[in-house]
Amino acid sequence: MVISSLVVETYEGETDQVRAALAALPGVEVHETVETRLVVTIETETTDESAKVAEGFYNVEGVATVALIYVNFEDDPSLYQDASANLASDFQE
């Protein structure tokens with residue numbers, strides 16, 4: 001499981017609409033609202049999936065900026081698959 005924490009800045013007067021839209025997305029949770037900023041987490045299986053979800057925030061009307069704060073990706077299975085394949089190929093050469 002990959003957990004990412006972000007701060008989403010909204011345009012003035014759009015915060016409630018953005019909060020509702022983001023909270024409706026699978027794997028997304030809105031934890032706190034401070035003025036026009038939202039504290040958001042994304043839970044996905046891989047870092048690539050997390051990045052796609054975060055990029056999709058820009059498609060939500062009222063989103064001004066998205067800032068990645070933290071990512072815990074030690075449980076991302078795609079990272080270990082890639083590493084294993086690279087390690088195996090190093091020994092075959």
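By the rule that hydrophobic residues join a cluster once side-chain heavy atoms approach within less than 4.5 Å of another member, Val63 and Val39 end up as members of separate clusters. Hydrophobic clustering keeps Ile3 apart from Phe57 (ILVMFWY residues linked when any side-chain heavy atoms are closer than 4.5 Å, directly or through intermediates). Val28 and Met1 are assigned to two separate hydrophobic clusters, defined by single-linkage of ILVMFWY side chains at heavy-atom distances under 4.5 Å. Under the 4.5 Å side-chain heavy-atom criterion for Ile, Leu, Val, Met, Phe, Trp and Tyr, Val71 and Leu38 are members of the same hydrophobic cluster. Both Leu25 and Val66 belong to a single network of hydrophobic side chains, linked directly or stepwise wherever heavy atoms of I, L, V, M, F, W or Y lie under 4.5 Å apart.
Heavy atoms only, all atoms of each residue included: Ser4 and Leu68 are closest at CB-CD1, 4.2 Å.
Taking Asp48 as the reference, Thr46 meet the side-chain contact (heavy atoms from CB on, under 4.5 Å) condition, with sequence neighbours excluded. Residues passing the side-chain contact (heavy atoms from CB on, under 4.5 Å) test with Ala54, sequence neighbours excluded: Leu6, Ile42. Looking at residues two or more places apart in sequence or on another chain, you find a side-chain hydrogen bond (donor to acceptor under 3.5 Å, both in side chains) between Thr15 and Thr10. For the side-chain contact (heavy atoms from CB on, under 4.5 Å) test, residues two or more places apart in sequence or in another chain that qualify with Ala64 are Glu9, Tyr11.
The distance from atom CD of Glu43 to atom CG of Asn72, rounded to the nearest 0.5 Å, is 10.5 Å.
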Please report, to 0.1 Å, the donor-acceptor pairs under 3.5 Å made by any side chain of residues 16-24, with sequence neighbours excluded.
residue	atom	partner	partner atom	Å
Gln17	NE2	Glu61	O	3.4
Arg19	NH1	Thr33	OG1	2.4

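Val34 forms part of no hydrophobic cluster, judged by ILVMFWY side-chain heavy-atom separations under 4.5 Å.
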query = So Glu49 and Val2, side-chain contact (heavy atoms from CB on, under 4.5 Å) or not? Walk me through it.
reply = CA-CA 9 Å; Glu49 289 173 10; Val2 175; over 6 Å; no
